[in-house]
Each structure stands twice: as C-alpha cells, then as structure tokens.
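Everything below concerns the one structure shown next.
Keep in mind that this is a model prediction, so the values were computed, not measured. Counting convention: from 1, in listed order, for ligands and their atoms alike.
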Amino acid sequence: MPKMRVYEYAKSVNKSSKEVVADLKANNIAVSNHMSVIDDKQIKQLEQGKTIEKKDGTMAQSDNQKQSQKKTANESAGVQKSKPANHRQGKNQGQQPQQRNKKNNNQQQKKQHPAQARGNHGPGKRGKSNKNQKRRGKEAPKTPEKITFSGSLSVAELAEKLKKDTSEIIKKLMSLGVMATKNEELEKTSIELIANDYGVTVEEEEIVDQLDIELYEDPDDDPDKLEERAPVVTIMGHVDHGKTTLLDGIRKTKVTDTEAGGITQHIGAYQVEENGKKVTFLDTPGHAAFTTMRARGAQATDITILVVAADDGVMPQTVEALNHAKAAEVPIIVAVNKMDKENANPDRVMQELTEYQLVPEAWGGETIFVNVSAVKGDGIDELLEMILLVAEVEELKANPAKRAQGTVVEAELDKGRGPVATLLVQGGTMNVGDPVVVGNTYGRVRAMTNEVGRRVKNAGPSTPVEITGLNGVPEAGDQFLVFADEKKAKQIGEGRANRAKEAERKQTSRVSLDDLFHQIQEGEIKEINIIIKADVQGSVEAVRGSLEKIDVAGVKVNIIHTGVGAITESDVILASASNAIVIGFNVRPGANAKRTAEVEDVDIRLHRVIYNAIEEIEAAMKGLLDPEYEEKIVGHVEVRQLFKVSRIGTIAGSYVTDGKITRHANVRVVRDGVVVHDGQVDALKRFKDDVREVSRNYECGITLENFNDIKEGDMLEAYVMEEVPRT
Ligand SMILES: Nc1nc2c(ncn2[C@@H]2O[C@H](COP(=O)(O)OP(=O)(O)OP(=O)(O)O)[C@@H](O)[C@H]2O)c(=O)[nH]1
C-alpha cells in the first residue's frame with residue numbers, strides 16, 4: 001500500500017480523521033494531524049492494534065470506562081484539532097505543539113458561543129435542577145421568600161410565582177378593591193401589595209440585561225444534544241481578485257434548490273451541498289464587512305477563503321484580509337484564482353504568502369492551497385472538499401433542539417414588506433411565528449424564505465434565512481434570540497432599544513492611551529493591540545521592533561497589523577474590533593477613517609519621530625502621560641476698596657463685573673494691562689461668610705494666597721484649568 005494522508009485513509013475506512021488520529025496515537029504512531037502522511041507499515045500496525053483492542057476491551061467495558069475512553073480520544077483529538085488551526089498561524093508560530101494545543105483549545109472555547117462553551121459544564125448544572133425538581137415533586141408548594149419580575153406580571157403569573165391558586169390571588173385583589181381576571185397585567189405596586197401580604201419580598205429585574213443573560217444562561221446546550229452543523233464560510237481578498245465571481249460560481253453550480261419559481265435573489269448568505277454535506281457562505285465580500293460584524297460581537301465565520309489572483313499575487317488588501325482573519329482566529333484556506341490565465345503563477349502566490357506564515361502543505365506547512373478558476377468553475381469541487389475537511393477537524397456543532405439564536409447578516413427596509421433581515425441561525429431552530437428579539441428590534445417571524453426565495457417553515461443551525469415581521473431594521477452583526485412568548489420579546493426588545501439610545505449618548509470606552517495605565521492597573525488588559533501605518537516599510541519595521549520590546553508590568557505590545565500608506569477606514573474598523581490603538585508614522589488618516597475613528601472611538605496617534613511614538617506608548621503604560629489642561633476664564637472682578645486686617649492681610653473689597661469668581665479659582669492680578677501676579681484665591685467672603693462662589697453684579701471680599709500687594713483699581717481675572725481629552 002502506498003503512503004497516504006491520514007484523512008485519505010480515514011475516508012477509505014469510513015471514519016473521521018479525528019478518530020483515526022486518535023487511534024494512531026493510541027497505537028504509539030507519531031502523527032500530528034489529519035494531513036500527516038502514514039505508510040503501509042503504520043497502517044498495518046494500526047489495524048492490528050485495533051483488532052487486539054476490539055477483542056480485549058470493547059465488549060467488557062462498562063459505560064464509565066467507555067466514557068473515559070471517549071474523553072481520552074477527544075482529548076488527543078484535540079491535539080489534531082489545533083492543527084488545521086495551523087490556520088491560526090500568527091501568534092502560535094514557533095510554539096511547541098502542546099502549548100499550541102492548549103492555546104487553541106482556549107481559543108476554541110473562546111470561539112464558541114458562550115452557551116456552547118458552557119455546555120461542557122452542563123451536566124453539573126442539570127444535576128442540580130433535577131434535584132430541585134424532585135424535591136418540588138415531593139413537597140407541597142412552599143411560599144417563596146422572594147420573587148422577581150420585569151415590567152409587569154399577569155395575575156396567573158403572579159400566582160405561579162407565589163405558589164398560590166390564581167383564584168386566591170383574584171380574591172385578594174378584590175379585597176384590595178382591584179377587579180382583575182387571571183390574564184390582567186399587574187403593575188409593580190399591585191404586585192408588591194399582594195406579595196408583601198404573604199410576607200414575600202419583590203425585586204424588579206433589570207429588563208435590559210436579560211437578553212444577554214438568557215443567551216449566557218441557556219441550559220439546553222447539553223453536549224449530548226449537540227449535532228454536527230455546516231461550516232460558515234466567508235470569502236476575502238484583494239480588489240478584483242475574484243471574490244464575487246467565486247461566490248457566484250459556487251452558487252451557480254452548487255445551490256441545490258433551483259426549482260422553477262425560485263427566483264435566485266441576492267440575500268446575504270446561501271447554502272450549497274457537496275457530497276451530501278452542506279456549506280454556508282456569507283456573501284459579505286470584503287474584510288471590512290467581516291470585521292464590522294466582529295466589532296459588533298458576532299463571530300459568525302468558521303472558515304475564511306483567502307482569494308489571491310494567480311496573475312497578480314499578494315496585494316495590500318490580501319495582507320489586510322489575512323490579518324483580519326488571524327485577528328478573528330478563523331482558519332484560512334487559500335484559493336489561488338484565475339488559474340486559467342496565461343500568466344498565472346501559483347508558485348509566486350505560495351512564495352509570497354509564506355512571509356505571512358501561510359505555508360502550503362506541499363512545502364511542509366499546514367495551510368491548504370487550492371488552485372481554482374472562478375470563471376471556468378475549475379477547482380470548486382476541491383475547494384468545497386477542503387472546506388469540509390477543515391470543518392470536520394474543527395468539530396462544528398450546535399444544538400438544533402432549542403430556541404433559535406444567531407447573527408444578523410444584513411437587513412434593510414423593503415417598501416412593501418417592511419423591515420427584512422437575513423439571519424444566520426447559529427444554534428437552535430427558528431420557526432415561522434417565533435417571537436424574536438433581533439438587536440434592538442423585536443417582532444414575530446412572519447415569513448421566512450431561503451436563498452432562492454422559497455418559503456420555509458423552519459431553519460436549523462448554520463442556515464441562513466430572510467425574515468420579515470420585525471418592528472425595525474436591525475444592523476449587520478446584531479445578535480438575535482427567540483423567546484418563548486411575544487410579551488417578553490417585546491419587553492426585552494424595547495429595553496434594548498432604550499439602552500442603545502442611552503449608550504449612544506454615553507461614549508463607549510475603548511482602549512485609549514489616556515486611560516491605558518488605569519486599565520492595566522485594573523487588570524482589564526494584559527496585551528495592547530496596535531496597528532502601525534507608516535510612510536515607508538523601513539519605518540514600519542523600526543516602530544514595530546521598538547514597540548515589541550516594551551514590557552511594562554507584564555503587559556505586552558501586540559502588533560496586529562502593519563502597512564505602508566495612509567490610515568484607512570479598514571484599519572480603523574480592525575482597530576475597533578480588536579480594541580487596538582492606531583499609530584501613524586508620517587501618515588495621516590483619510591477623511592473616512594477620521595470619521596469612523598470618531599464614531600468608533602478609536603485612538604489614532606500621529607507621530608513624526610519614531611522615538612516619540614515609542615516613548616508615548618511606554619509612558620502611557622507606566623501611567624506617566626501628563627494630562628492636558630486648558631485654561632477657561634470664568635469671570636472678572638474689580639477691586640474697589642482695600643481693608644487691611646492685621647491678622648489676615650489685605651482684603652480686596654471687590655465687585656464681580658462679569659462671569660463669577662469661585663473659591664478654588666486661579667486669579668491673575670492685572671494692573672494697567674500688565675499681569676502683576678498669578679496665583680490662587682485664599683478666601684472668598686460675602687460679608688462675614690465664606691462662600692464658594694460670587695456671581696456677576698455682587699460684591700465680595702477676596703484675599704489672595706501669597707500676595708498682599710493688591711491695589712484699588714486692580715482687575716482680577718479668575719480662571720480654572722480644565723483637563724481636556726488629549727488629541
Ligand atoms: N480569467 C479569469 N478572470 C476572473 C476569474 N475570476 C474573476 N475574474 C475576473 O476578474 C474581475 C474581478 O472579479 P470580481 O469577482 O469582481 O472580483 P472581486 O474580488 O469580487 O472584486 P471587488 O468586489 O471589486 O473587490 C472580473 O472581471 C472577473 O471576470 C478567473 O478565475 N479567471
């Protein structure tokens with residue numbers, strides 16, 4: 001038998017690559033991942049080993065043993081899992097496999113939806129609630145000590161919370177002069193009256209946080225309920241390298257539902273089928289769109305296809321795109337496009353990408369490269385196969401048997417249909433009629449259609465659907481969650497909308513050099529993400545080299561992207577998503593970048609001297625950045641009469657001509673247009689009383705600190721120093 005790769009062997013024996021890698025390891029055969037090459041001797045060894053294992057072990061195993069074996073297999077498979085995460089090159093380069101594995105496992109957890117990640121701890125929690133249920137079953141309902149509610153409660157809901165009959169509550173309400181049916185909504189005061197009557201305290205929950213809490217506290221993501229789901233893929237690359245053509249090519253050849261009547265319409269995502277397995281494509285070409293979604297908290301993409309034209313090679317936006325994918329810790333598959341062109345040079349593409357740690361398998365690396373021609377359709381099958389291969393190793397799973405949750409891909413206001421949103425279901429199953437909160441909007445799913453405009457009744461994990469029925473237009477990257485009842489969805493949707501308005505008024509806090517020290521001290525950050533743009537590559541390298549050496553209080557500088565040229569909007573969006581600071585060296589931000597930086601509150605620092613750039617970051621990390629102050633004149637005072645008091649000194653009997661003077665103001669003494677003293681107020685009095693301030697057209701007595709030589713006719717200019725945001 002010739003040599004073959006692990007995944008090829010896995011295919012031939014109808015097993016997953018993961019299982020085979022685990023088996024190989026169990027038989028002491030050194031492999032690192034599904035791409036490793038094994039020879040016939042090793043295969044024989046594996047097959048013999050397995051036979052022995054089957055004979056000796058499996059039949060006699062107890063459930064517990066099986067469980068623990070399964071766990072070990074999973075653990076060792078985890079090592080493999082991190083490998084196509086060789087796609088998570090960048091930071092992990094140069095680490096030992098074990099370290100990398102640990103890191104990737106962490107990343108894996110980070111990547112998961114919080115609810116999914118928590119699924120691992122599920123059994124513990126479930127055990128507890130089962131116990132509670134049993135206990136409840138045995139004992140008579142006991143009046144609780146405390147109940148919580150948000151907004152309002154119906155009479156029946158209140159009765160249930162208090163563990164009383166609804167009729168009892170209705171009677172109680174009647175005795176209080178309130179005539180109510182069981183569905184009547186009760187306001188806070190009535191709820192409190194009734195509850196307090198039973199000695200129960202009432203707490204009103206913050207509605208606004210509930211969506212996030214619900215997402216996080218979802219108890220349904222039991223590992224046993226998780227099922228394989230389709231990978232979600234985003235295509236990125238340089239302008240004109242063929243992203244749109246490739247997406248269209250895949251759509252044309254692979255969209256399954258092409259029956260007559262289904263007009264292929266442009267929705268933001270679609271699904272295709274390859275060898276009976278589905279792949280979901282997000283049609284948001286451009287890394288800015290991808291990162292905008294990520295900036296809004298959405299991690300919708302599982303795999304990135306980096307399109308590079310074989311006749312053009314790696315271009316600036318190719319590098320930007322791969323840095324965006326790396327920052328999001330998403331595996332990358334390189335599609336070398338335009339292979340039909342005469343001057344296509346795939347080797348050059350491979351060579352150039354090696355500089356960015358994307359080393360092709362053919363050269364001993366771990367990045368999958370596929371040659372394609374988007375116009376001819378060549379290589380599309382292989383590309384899809386590779387996507388499925390990476391997906392298999394990533395073990396993408398979700399629980400379809402729960403209320404749906406996911407991300408908005410795009411949304412708009414349609415003249416006829418009202419708000420229309422393309423949603424990517426990431427967990428659970430969405431049904432027509434479901435009450436849903438989408439970002440800051442809510443509603444009931446009125447109609448649901450797939451990528452060819454066909455009506456569907458439900459949509460499971462990784463399925464994109466277009467829905468109508470919302471009360472407003474959400475934004476791409478918004479999260480959505482289905483609720484059990486419409487009332488709750490409405491409450492939460494409204495709460496979120498209010499909170500969003502409130503947040504708009506307040507500024508979001510991002511990393512800025514001004515509060516960096518504070519954030520470091522609070523332990524809020526351990527790494528400072530920085531983007532460097534400079535006029536020439538040499539400066540980029542110089543700034544990068546010096547910054548990477550800074551280590552203050554164990555906080556490291558992490559350069560996430562560099563480039564030559566002006567600071568672009570895409571740089572700012574990446575900074576916003578990664579909470580990074582942008583350093584511009586001899587370059588300025590363009591108008592769009594400037595505007596976006598203001599909206600997104602991204603700190604851009606411009607320098608002309610490398611040393612200053614380094615010093616500023618270092619100073620900020622050490623908390624040595626001097627605050628900037630601006631003088632603000634608050635008023636003018638005329639000295640009209642002097643009173644000499646031996647114990648105190650000279651008191652200036654004065655008159656406030658404009659503005660005001662305050663006890664803590666600084667004062668400039670101006671005599672005949674010349675400043676003769678600049679100092680502080682010592683005491684400020686109205687008659688005998690000390691006062692904090694005196695306004696225009698009032699008289700007052702003033703003494704100055706360390707200055708006695710005051711004269712009648714002097715003009716006092718009162719001013720304060722106000723700290724201003726650094727620019
Ligand atoms: N010969 C050849 N031309 C291609 C191929 N793929 C795309 N093109 C052409 O390259 C040009 C750009 O393709 P697009 O798909 O628009 O590229 P894009 O990356 O989506 O471009 P932007 O949306 O502007 O970023 C078009 O004229 C395509 O017809 C290919 O495989 N072979």
| said: Would Asp311 and Lys341 count as a salt bridge (charged side-chain N to carboxylate O under 4.0 Å, His left out) here? Give the steps. | reply: CA-CA 7 Å; Asp311 59 338; Lys341 284 203 159 183; 3.1 Å; yes
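Looking at Val372 against ligand 1, nothing comes within 4.0 Å, counting heavy atoms. The parts of Thr244 lying near ligand 1 are both backbone and side chain, judged by heavy-atom distances below 4.0 Å.
Annotation: Lys341 places no N or O atom under 3.5 Å from an N or O atom of ligand 1; distance criterion only. For ligand 1, the polar-atom distance check against Gly242 finds a nitrogen or oxygen pair separated by under 3.5 Å.
Atom numbering of ligand 1 starts at 1 in the shown order; those under 4.0 Å from a heavy atom of Asp340 are 1 (N), 2 (C), 30 (C), 31 (O), 32 (N). Close approach to Thr245 involves these atoms of ligand 1, each under 4.0 Å from a residue heavy atom: 6 (N), 7 (C), 13 (O), 14 (P), 15 (O), 28 (C). Atoms of ligand 1 lying under 4.0 Å from at least one heavy atom of Asp240, given by number and element, are 10 (O), 12 (C), 17 (O), 18 (P), 19 (O), 21 (O), 22 (P), 24 (O), 25 (O). Less than 4.0 angstrom separates some heavy atom of Val239 from each of these atoms of ligand 1: 24 (O), 25 (O). Within ligand 1, the atoms closer than 4.0 Å to a non-hydrogen atom of His238 are 19 (O), numbered from 1 in the order shown. Contact atoms of ligand 1 toward Ala374: 6 (N), 30 (C), 31 (O) (distance under 4.0 Å to a heavy atom of the residue).
Contact of the Leu547 side chain with the Ile532 side chain is registered, since non-hydrogen atoms from C-beta on lie closer than 4.5 Å. With a 4.5 Å cut-off on side-chain heavy atoms, Thr463 and Lys278 do not count as touching.
Under the side-chain contact (heavy atoms from CB on, under 4.5 Å) criterion, Arg595 pairs with Ala591, Asn592, sequence neighbours left out.
The side chain to side chain contact (heavy atoms under 4.5 Å, CB included) with Ile530 is formed by just one residue from the set Ile560, Thr562, Val557, Val582; it is Val557.
Residues Thr568 and Asp571 have side chains that bring a donor and an acceptor to within less than 3.5 angstrom of each other. In summary, the side chains of His241 and Asp312 do present a donor paired with an acceptor at a separation below 3.5 Å, with no hydrogens or angles considered.
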